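Since we're looking at a predicted model, the values are computed, not measured. In the text below, chain A, chain B and the rest are named by the order of the sequence lines, each starting its count at 1.
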Number of protein chains: 2
Amino acid sequence: MTTRKEKIASDLDRQFAELGFAEQGVEALRAGADVSLRTLYKYFPSREAMVVGALEYRDRTYFDWLAGGPDSGVEHVLHPIVRLGDWLREVANTGCLFLNALADHPDSAAIREVVIDHKARLADEFRRRLRTIAPDKDIERLAETLFLLHEGMTQTARLHGRERATAAALRAARAALAAEGIA
Amino acid sequence: MTTRKEKIASDLDRQFAELGFAEQGVEALRAGADVSLRTLYKYFPSREAMVVGALEYRDRTYFDWLAGGPDSGVEHVLHPIVRLGDWLREVANTGCLFLNALADHPDSAAIREVVIDHKARLADEFRRRLRTIAPDKDIERLAETLFLLHEGMTQTARLHGRERATAAALRAARAALAAEGIA
DNA sequence: GCGACGGTAGAGCGATCATTCTACCTTCCT
DNA sequence: AGGAAGGTAGAATGATCGCTCTACCGTCGC
């Protein structure tokens, strides 16, 4: 079931991703979501709430999108990085939506919180997957490395292109796994 | 010799780094640089020019700052990553100034250009250093990987802390070098 | 039929922004 | 001394912003 709020949040997310945060006023967001200003403010009572709503929407859909793929082995661990490559192909390549939001609203505690939550969830995803292939090892350092590669890939894709960034991230990830004696 | 314009550019850079781009109006920039509005506009005739001026200033100083350190071996190659750790300690930890500028002004061709130039120069720095330790190898893939780690480290430092991000980047860089049979 | 309800359109408000302009001051060359 | 050059302070301007408000409309149940 898609609620009306969910539909609007999806439109907001798409607009922020395509056009950035700074250059997108509330009136433009309203037009893009095809609702009246009053209705928009009913569900998101301030511009900041619209940004938070869009980020929360993307947080939800991103982890759904991550599901599937190989369910064991090294490929299972590397799947979020491969999948990020697909994501970067589908959406406009303007870097990480969460970090862009942070850059545009450095003083908003609510936005900072949702960004940190999303990134923490992503780091946990890597830990969870690593434990499936190395249950008796300390995988914390590897999890940090994979997270770093994931972040770097998003930013690098803007400058070096998606394919080269993905390949570099995967190469480095495999080397890091090998260096720790995994796979 | 420090020109007046250079001094103002340095003040702009500091202010953008500490407080971000979005929340810093021209009047605040003027106060921070301790000049009159007219003088500020004389050297930087628009707000966009102020952003470009600050980025160009940082581009210049960053490569000066990078000089020094070990002048051969793997440590020479990894020096930009180590040095980035120092940089992240000195300045406010708000991510990469260049990518933040891009996030805040997605439609400005001038800003996009200076960002891309800076990042290309950084990638070249890694290529140059790699050639000193592996003159007869194809180091392009390694250069891409080191660049990716550098970018990822900046972003990860905001969330995982500077030390852990630096350590993860260095570990992954050494593993990548080893995987390619270097060092 | 009709009133309540939940929606729309869009004008209006106050604040803030980038930019320009006026008026004055200091410094230094001749 | 005098005047040009180049600085200052800060008010004025016009545009834009986030947000609120008024007025109106279609669709229900009864």
Peer 1: Determine, for nucleotides 11-20 of chain C in 5'-to-3' order, which nucleotides have protein heavy atoms under 4.0 Å from the base (write B), from only the sugar-phosphate (write S), or from neither (write -).
Peer 2: -------SBB
Peer 1: Do B:K5 and B:Y57 form a cation-pi contact, if we require the NZ or CZ to be under 6.0 Å from the six-membered ring centre and within 45 degrees of the ring's axis?
Peer 2: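 No, B:K5 and B:Y57 do not form such a contact.
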Peer 1: The criterion is side-chain contact (heavy atoms from CB on, under 4.5 Å); which residues satisfy it with A:V26, sequence neighbours excluded?
Peer 2: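 Checked A:V26 against side-chain contact (heavy atoms from CB on, under 4.5 Å); matches are A:L37, A:L40, A:Y41, A:R47, A:M50.
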Peer 1: Taking only distance into account, with no hydrogens and no angle test, what donor-acceptor pairs under 3.5 Å do side-chain atoms of residues 170-183 of chain B form with protein atoms, sequence neighbours excluded?
Peer 2:
{"from": "B:R171", "atom 1": "NH1", "to": "A:R141", "atom 2": "O", "distance (Å)": "3.2"}
{"from": "B:R171", "atom 1": "NH1", "to": "A:T145", "atom 2": "OG1", "distance (Å)": "3.1"}
{"from": "B:R174", "atom 1": "NH1", "to": "B:E75", "atom 2": "OE2", "distance (Å)": "3.1"}
{"from": "B:E180", "atom 1": "OE2", "to": "B:R141", "atom 2": "NH2", "distance (Å)": "3.1"}

Peer 1: Quick one: which protein N/O atoms are closer than 3.5 Å to N/O atoms of nucleotides 3-5 of chain D? Pair and distance per line, please.
Peer 2:
none

Peer 1: Tell me: CG of A:L29 to P of D:dC19, nearest whole Å?
Peer 2: 11 Å
Peer 1: Taking ring-ring contact (aromatic ring centres under 6.0 Å, His included) as the test, write out the residues that go with A:H160, two or more places apart.
Peer 2: B:F147
Peer 1: Can you tell me if A:K42 touches the phosphate of C:dG7, counting only side-chain N or O atoms and a distance under 4.0 Å to OP1 or OP2?
Peer 2: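 Checking A:K42 against C:dG7: at least one side-chain N or O falls below 4.0 Å of OP1 or OP2.
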Peer 1: Return each pair, listed once, that meets salt bridge (charged side-chain N to carboxylate O under 4.0 Å, His left out) where at least one residue sits in residues 149-158 of chain B; pairs must be two or more places apart or across chains.
Peer 2: B:K119-B:E151
Peer 1: Identify, with sequence neighbours excluded, every residue that meets side-chain hydrogen bond (donor to acceptor under 3.5 Å, both in side chains) alongside B:K42.
Peer 2: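 Not a single residue meets the side-chain hydrogen bond (donor to acceptor under 3.5 Å, both in side chains) criterion with B:K42.
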Peer 1: What's the CG-C1' distance between A:L40 and D:dG18, to the nearest Å?
Peer 2: 11 Å
Peer 1: Under the rule for side-chain hydrogen bond (donor to acceptor under 3.5 Å, both in side chains), what residues qualify as partners of A:T61, not counting sequence neighbours?
Peer 2: none
Peer 1: Please list, in numerical order, the residues of residues 102-111 of chain A that have a heavy atom closer than 4.0 Å to any atom of DNA chain D.
Peer 2: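 Under 4.0 Å from DNA chain D: no residue of residues 102-111 of chain A.
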Peer 1: In chain order, what residues pass the side-chain contact (heavy atoms from CB on, under 4.5 Å) check against B:D117, with sequence neighbours excluded?
Peer 2: B:E113, B:R121
Peer 1: Tell me which donor-acceptor pairs under 3.5 Å the side chains of residues 95-112 of chain B have, and how far apart each pair is, sequence neighbours excluded?
Peer 2:
{"from": "B:N100", "atom 1": "ND2", "to": "B:T94", "atom 2": "O", "distance (Å)": "2.8"}
{"from": "B:S108", "atom 1": "OG", "to": "B:E48", "atom 2": "OE2", "distance (Å)": "2.3"}
{"from": "B:S108", "atom 1": "OG", "to": "B:I111", "atom 2": "N", "distance (Å)": "3.1"}

Peer 1: State which residues pass side-chain hydrogen bond (donor to acceptor under 3.5 Å, both in side chains) with A:R4; sequence neighbours excluded, sorted by chain then number.
Peer 2: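 In terms of side-chain hydrogen bond (donor to acceptor under 3.5 Å, both in side chains), with neighbours along the sequence ignored, A:R4 is linked to no residue.
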Peer 1: Tell me: CD1 of A:I8 to P of C:dG7, nearest whole Å?
Peer 2: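 Answer to the nearest Å: 10 Å.
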